[in-house]
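Contents: one structure, followed by commentary.
Reminder, nothing fancy here: chain letters follow the sequence lines and each chain counts from 1.
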There are 2 protein chains.
Amino acid sequence: MASPEARVEPLMGQFHEYLSRKQLKSTKQRDLIARAFFAQDGHVSIDDLLGLVREDNSRIGYATVYRTLKLLTECGLAAARQFGDGQRIYEVAGDTAHHDHLICIECQHVLEFENEDIERLQDQVARSFGFNLVRHKLELYGLCPKARGIKGGSCPREAEEKS
Amino acid sequence: MASPEARVEPLMGQFHEYLSRKQLKSTKQRDLIARAFFAQDGHVSIDDLLGLVREDNSRIGYATVYRTLKLLTECGLAAARQFGDGQRIYEVAGDTAHHDHLICIECQHVLEFENEDIERLQDQVARSFGFNLVRHKLELYGLCPKARGIKGGSCPREAEEKS
DNA sequence: TTGGTTGCAAAAACTTTGCACGGTG
DNA sequence: CACCGTGCAAAGTTTTTGCAACCAA
């Protein structure tokens, strides 16, 4: 997967595209917040993000961060999460928009895949409920060949680490 | 999957076991709340749950519901979850494996669905990578009929609130 | 110019906590 | 009986909203 730095620009592009499609405006604040968000590797809380953007512009307030994150969520570039009883956090979801994940529960390796048939069915399901599908998240958890004990089966993680 | 009714007793058993292991007490309120929670099919918000238990005992307050749900989370019988920007909701642990979610990004309503074709394809995909599929998580995000501006289109959330 | 946008502060929503009383072990 | 749990209300947190000034298109 792309490193955090490398993905920032493409994601900014998607964000701007969404803004103009919706006739919304690009502003310094939105850009600053979105950029800081995309550059994060893992999960960010509102406070984290506010702290980051205030390094650049100390006058930014919570409201703008909340509003921008809401926009990012609407266009599928961010996803709200909550682990346990902790506070709400956001994660970059842009890279999950067009491919899905296959995760080995043994070695934790994550493979990405795409499958048109599944996407088509997802669309059908959404339509059958009267919904217009915007994005999706699909995660498959299973055992990789090695973990299954297949002789010669390789663990995708090990195979990759050699490179 | 076990029907909601069928699983209540075993889960109550686990809960009581946890309580006694931790030297905590069983009380009418805890039982009432836990039972109502386990009997739910999908997701429950604190408010839903409070409403349910108040049918039986109108003097129960938020605090007790929060405290009980915290206990249930600690012992792994409940999981806090958050879809989009909506409020925190809880679901019965282990209940996520067998249905998927369709979420409106406008009104935050969550519908559950099952689709055998999708599941079959997921299995195929996993197999094509040499994986043995154990479980999955699929979330579809879109706009409900009303949010799409369809005249007469109803928001699932509103439709539900009438009942 | 015409809206959408921002920052601030106030309001609302959501959770947690302190305390006196009540109930379980 | 000792102590944990409960309900209530108050306190804390987190998130949203109203509004006048501002800024991008």
Send over the distance from [X] [atom1] to [N] [atom2], rounded to a whole Å.
X     : N      : atom1 : atom2 : answer
B/L72 : D/dG5  : CG    : P     : 13 Å
A/E74 : C/dG4  : CD    : C1'   : 14 Å
A/L71 : D/dT15 : CG    : P     : 16 Å
B/K22 : D/dG5  : NZ    : P     : 12 Å
A/D48 : D/dT14 : CG    : P     : 12 Å
A/L50 : D/dT14 : CG    : P     : 12 Å
A/N57 : D/dC23 : CG    : C1'   : 14 Å
B/I46 : C/dC14 : CD1   : C1'   : 9 Å

Per the atom types in the model, does the base of C/dG4 pair as donor or acceptor with the side chain of A/R30 at under 3.5 Å? no
Donor-acceptor pair under 3.5 Å: do we get one between A/R67's side chain and the base of C/dG4? no
Is it true that A/K22 and A/E17 have a side-chain N and a carboxylate O under 4.0 angstrom from each other? no
In degrees rounded to 10°, what angle is found between the helical axes fit to the five outermost pairs at each end of the helix from C/dT1-D/dA25 to C/dG25-D/dC1? 50°
What's the closest nucleotide to the side chain of [X] if the choices are [options]?
X     : options              : answer
B/Q29 : D/dT17, D/dT6, D/dC4 : D/dT6
B/K25 : C/dT15, C/dG4, D/dC3 : D/dC3
B/Y66 : C/dT16, D/dC8, C/dA9 : C/dT16
A/T64 : D/dG7, C/dT6, C/dT24 : C/dT6
A/L24 : C/dT17, C/dT5, C/dG7 : C/dT5

Checking side-chain polar atoms at under 3.5 Å, does A/D100 have a donor or acceptor matched by the opposite partner on A/H136? yes
Is there a donor in the side chain of B/Y18 and an acceptor in the side chain of B/E74, or the other way round, less than 3.5 Å apart? yes
Relative to each other, are the rings of B/F129 and A/F113 parallel, tilted or perpendicular (30° and 60° limits)? tilted
Taking 4.0 Å as the cut-off, does a side-chain nitrogen or oxygen of A/K28 come that near to OP1 or OP2 on D/dA24? yes
At less than 4.0 Å, is any side-chain N or O atom of A/T27 found next to OP1 or OP2 of C/dG4? Yes or no. no
Can A/D31 and A/K28 be said to form a salt bridge (charged side-chain N to carboxylate O under 4.0 Å, His left out), step by step? CA-CA 5 Å; A/D31 278 11; A/K28 289 186 182 64; over 6 Å; no
What's the shortest heavy-atom distance between A/V53 and A/I60, and which atoms? CG2-CG2, 4.0 Å
Kindly compute the distance separating CG (B/L72) from CD (B/Q14), expressed to the nearest 0.5 Å. 10.5 Å
In this structure, CD of A/Q122 is separated from CZ of A/F131 (nearest 0.5 Å) by 14.5 Å
5′-ward residue of the pair B/Y62/A/G61 relative to DNA chain C: A/G61
Residue whose nearest DNA chain D nucleotide is more 5′ - B/Q23 or B/I60: B/Q23
